[in-house]
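Following: one structure in structure tokens, then a few remarks.
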2 protein chains.
Amino acid sequence: MERKTYRDGGSRPLTEYPRPSVAVDTAVLTLDPDVGLVVLEVRRPTRRGWALPGTFLHEGERLADAVDRSLHVKANVRGLRPRQLQVFDDPSRDDRGWVLSVAHIEVVHADRLSSRFADATRLVPVGTPGRLPYDHAEIVARAADDLRRRYRDQPDPDRLLGDEFTLRALRLAHEAVAGQALQRDSFRRAMEPGLVATGVTTAGGRGRPAELFRRRVS
Amino acid sequence: MERKTYRDGGSRPLTEYPRPSVAVDTAVLTLDPDVGLVVLEVRRPTRRGWALPGTFLHEGERLADAVDRSLHVKANVRGLRPRQLQVFDDPSRDDRGWVLSVAHIEVVHADRLSSRFADATRLVPVGTPGRLPYDHAEIVARAADDLRRRYRDQPDPDRLLGDEFTLRALRLAHEAVAGQALQRDSFRRAMEPGLVATGVTTAGGRGRPAELFRRRVS
DNA sequence: TAAATAGTGTCTCTCAGACACTATGTC
DNA sequence: GACATAGTGTCTGAGAGACACTATTTA
């Protein structure tokens, strides 16, 4: 042995420290045009009921990759970019043993979920996520809260909409996130600094055609 | 065996999953009246240089307890309330093996650090933390950033000061956190909704005595 | 009295909120 | 034309920022 002291001042080699299992759990949020902000839930394999998709971390794997993998395996959804929310570390939170869970949030366009397993998944309004195991109800609440903060100042920062959209579509998305109606004119003025007009206008709907905007790259 | 499927849809029992070591690292921030916002660093036991205090998580231990333990053992500091910042999960971040680190931030009154080991610790301005190993420089930057956001609206939410303080002391603390001078009158009016006047005034200093305030419990 | 600091009145500028008007499409 | 929606002018009230004045202490 070269060294005799270790990172915590103790004398045990790294391999002798007991190690927790590490899981990831993800609140995948998207926008249902009719229902509003919804969260993806999957059937629990071992018990009745529904839960957020999650998995154990594999050896040498990044947390974000474990999130991607769990969504692929459990819901047939791919190619997303999760953000960390919080670590849940209550040693007794999982009766199968010592399991830390890193909660994530993932916000996606509804199209991304069109390929999801029809039977094994469901989309539920974030306000009424149903009975969820572990800390999943808290994860959903925190995810919705996190989203509301992010959407207050910027136009659709998590790309619930596509690259181009009308101010009406943008406002409806923000209203779904905020959970309340927003003033049409104030909203426009608040968002305009973060938008770039394309000069193109929509057609076909009722009323005057609206211009399409992009997010400002900043 | 009762069950044959597991949380990730695989068929292995929980004990067969490879597990990472989990560490905590903490940015302890405090206020030096002369220097400003400073961070606590400890001597690295195995190599040259300084690092943030940290330790490996013990079996069944809460993250916050591991933070407390590491500060006690490495710096002789106790009784604090850490907040989680972020998990660092690069599999190659630690050359001793697969180690996840949960970064924490801890903000304390300078008195709490008076008992710290004189030789094995130092307090360094957050803007110039020196050469730090692992992701510690990023942790310090994020901690300072986090603190700035928290201090924008509320009067000293993390109790860098005691229970009672003058508006001058409060403003100097907020200026140290913000890294810039703040307008005296605007600052007072911005903070007053979060304060309760005690009716007691200080004496002994130069100039007109100032009233002492407490934080509003809300 | 001079200097230093505390506390407050007030002006201005900006901006959110609200209302209302004009513009331009479909039915 | 009736209706629906887009886009914008404008009024108002709240609040941040800035300046200046008064108040109260020490040296």
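Chain letters run A, B, ... following the sequence lines, proteins first, then strands; residues in each count from 1.
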Subject >> Test salt bridge (Lys or Arg N to Asp or Glu O under 4.0 Å) applied to A/R78 - qualifying residues, sequence neighbours left out >> reply: none
**OP:** Using whole Å, report how far CD of B/E192 lies from C1' of D/dA16.
**Re:** 15 Å
Subject >> B/S101 (side chain) donor-acceptor with B/F88 (main chain) under 3.5 angstrom >> reply: no
Just distance, no hydrogens or angles: give the donor-acceptor pairs under 3.5 Å from side chains in residues 197-209 of chain A, sequence neighbours left out.
{"from": "A/T198", "atom 1": "OG1", "to": "A/V200", "atom 2": "N", "distance (Å)": "3.2"}
{"from": "A/T198", "atom 1": "OG1", "to": "A/L212", "atom 2": "O", "distance (Å)": "2.7"}
{"from": "A/T202", "atom 1": "OG1", "to": "A/A210", "atom 2": "N", "distance (Å)": "3.1"}
{"from": "A/T202", "atom 1": "OG1", "to": "A/A210", "atom 2": "O", "distance (Å)": "3.1"}

Subject >> Check: A/H109 main-chain N/O paired with A/R159 side-chain donor or acceptor under 3.5 Å >> reply: no
**OP:** For DNA chain C, find the residues of residues 159-168 of chain B with a heavy-atom distance under 4.0 Å and give them by number; none if there aren't any.
**Re:** B/R168
**OP:** Give the rounded distance in Å between these two atoms: CZ of B/R188 and P of D/dA16.
**Re:** 15 Å
**OP:** State which residues pass side chain to side chain donor-acceptor pair (under 3.5 Å) with B/T121; sequence neighbours excluded, sorted by chain then number.
**Re:** B/R116
**OP:** Identify, with sequence neighbours excluded, every residue that meets salt bridge (Lys or Arg N to Asp or Glu O under 4.0 Å) alongside A/E164.
**Re:** A/R214
**OP:** Find the distance B/R152:CZ to D/dA16:C1' and express it as a whole number of Å.
**Re:** 14 Å
**OP:** Scan residues 117-126 of chain A for pairs that pass salt bridge (Lys or Arg N to Asp or Glu O under 4.0 Å), counting only residues two or more places apart or in two chains.
**Re:** A/E41-A/R122
**OP:** Could you check how far CZ of A/F187 sits from P of D/dG7, rounded to whole Å?
**Re:** 12 Å
Subject >> Pairing residues for B/D145 by the salt bridge (Lys or Arg N to Asp or Glu O under 4.0 Å) criterion, not counting sequence neighbours >> reply: B/R149
Original post:
Taking only residues two or more places apart in sequence, or in another chain, which ones meet A/S92 in a side chain to side chain donor-acceptor pair (under 3.5 Å)?
Top reply: A/D90
**OP:** With sequence neighbours excluded, tell me which residues meet side chain to side chain donor-acceptor pair (under 3.5 Å) with B/D146.
**Re:** B/R83
**OP:** Please name all residues satisfying side chain to side chain donor-acceptor pair (under 3.5 Å) with B/R112, sequence neighbours left out, ordered by chain then number.
**Re:** none
Original post:
What residues in residues 203-216 of chain B put a non-hydrogen atom under 4.0 Å from any atom of DNA chain D?
Top reply: B/G205, B/G207, B/R208, B/P209
Nucleotide N/O to protein N/O under 3.5 Å, stretch nucleotides 14-17 of chain C:
none

**OP:** Specify the separation, in whole Å, of atom CZ of B/R184 and atom P of C/dT5.
**Re:** 10 Å
**OP:** Would you kindly give the CE-to-C1' distance between A/M191 and D/dA6, to the nearest whole Å?
**Re:** 18 Å
